[in-house]
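In listed order, ligands and their atoms are each counted from 1. Just so we're clear, the structure is a prediction, and the values are computed from it rather than from any experiment.
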Amino acid sequence: ASQTGPTTTAIAQRASELRQLLQQASYAYYVLDQPVMEDAVYDRLYRELQDLEQQHPSLITPDSPTQRVGEQPATGFESVQHRIPLYSLENAFDAEELRSWDQRWRKLAPDVPADAGYVCELKIDGAAIALSYENGLLVRGATRGDGTRGEEITANLRTIKSIPLRLQTDQPPEWLEVRGEAFLSLTRFKQLNTEREKHGEALFANPRNAAAGTLRQLDPRIVAERQLDFFAYSIQGPNDWANLDQAASLDCLQSLGFRVEPHRQTCPTLAEVEQYFSDWDARRRDLPYLTDGVVVKLQSRRLQDELGFTQKFPRWAIALKYPADEAPTQLQHVTVQV
Ligand SMILES: NC(=O)c1cc2c(=O)c3cc(F)ccc3oc2nc1N
């Protein structure tokens, strides 16, 4: 047939160019927190892509920004088995318990020097999530569940703008597991509760419950409205993706398109770990999200692999907790999970 408008390949090229532009703008805005495009420009390009995809549905790709919010509410979540189990962290409530953790792992690895190298990460108070990528595309997302199996909530996680639908690398591994914390910012938490109060709805008790409750919503449109966020903290994959040290794996996650909590710090000895912990006890209250401790990890991946896991916990990491806040964030009203 004679082509009146631009050729099909030209349209396909435009669609691909729009996806690229929109993904870069979205990464800059949601992951780097450094917008590079006016909202009005973003919206115009987004609508142009939506129109192209409506006219030519074959152009729709799973990583298109138009594919983040699905329509149909699920009838219920499937239970899925994690490719790699998700463990919980052992807790330490003071410096003495931190030191006893240190002694315990050192008994199993006596030849490790005192300045073994620890990485401190602020512990985000949200919901643990597992993301599965295949050939660079997000194929599944799940809650931690019991660590071996979780609830399949891919459609809900696709609505989180700081979760990439495609890894930013032109050589993606055949599979990649990314773990992290889905959370609600304090601002968003307060906005949601203000709205709920206006409509006489039960309030969320705290941002963690709000995030976990949101992820259990069957309708992705509701999840999208809540505007959850995500910090990645671990990466597992085949071959050379599997032996990155802790600090390098966080940098790698950032380069792949994930948000990583920016205040992580490498500490040569436990003294610096304790210093970091007390420095951030005050500073963390200025952050736009809730934290409830510091996760202390051994920097060396070889050592992590050598130490492995107990039934429940990694031997090479511990959560050093801050005392729970006495003043509850929002407990005046009865709250239920919806
Ligand atoms: N909430 C968090 O900010 C956070 C949580 C975990 C974990 O739960 C966790 C669990 C493991 F078995 C191993 C490493 C981990 O690292 C982690 N790192 C973090 N930054």
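- If you look at F204 and F189, their ring centroids are not closer than 6.0 Å.
- The shortest N or O to N or O distance between K297 and ligand 1 is under 3.5 Å.
- The protein heavy-atom contact nearest to atom 10 (C) of ligand 1 is Y87 O, 3.4 Å.
- Checked against a 6.0 Å centroid threshold, the rings of F309 and Y87 count as neighbours.
- Residue contacts with ligand 1, taken as heavy atom pairs separated by less than 4.0 Å, do not involve A317 at all.
- If you look at I124 next to ligand 1, the close heavy atoms, those under 4.0 Å, come from the backbone and the side chain alike.
- Of all protein heavy atoms, the one closest to atom 8 (O) of ligand 1 is Y233 OH, 3.5 Å.
- In plain terms, the two heavy atoms of R216 and F77 that are nearest each other are O-CE1, 3.2 Å.
- The distance criterion of under 3.5 Å between nitrogen or oxygen atoms is not met by F309 with respect to ligand 1.
- Geometrically, ligand 1 and E121 share a nitrogen or oxygen pair separated by less than 3.5 Å.
- In this structure, L122 is part of the shell of residues with a heavy atom less than 4.0 angstrom from ligand 1.
- Among the atoms of E181, some N or O lies under 3.5 angstrom from an N or O of ligand 1.
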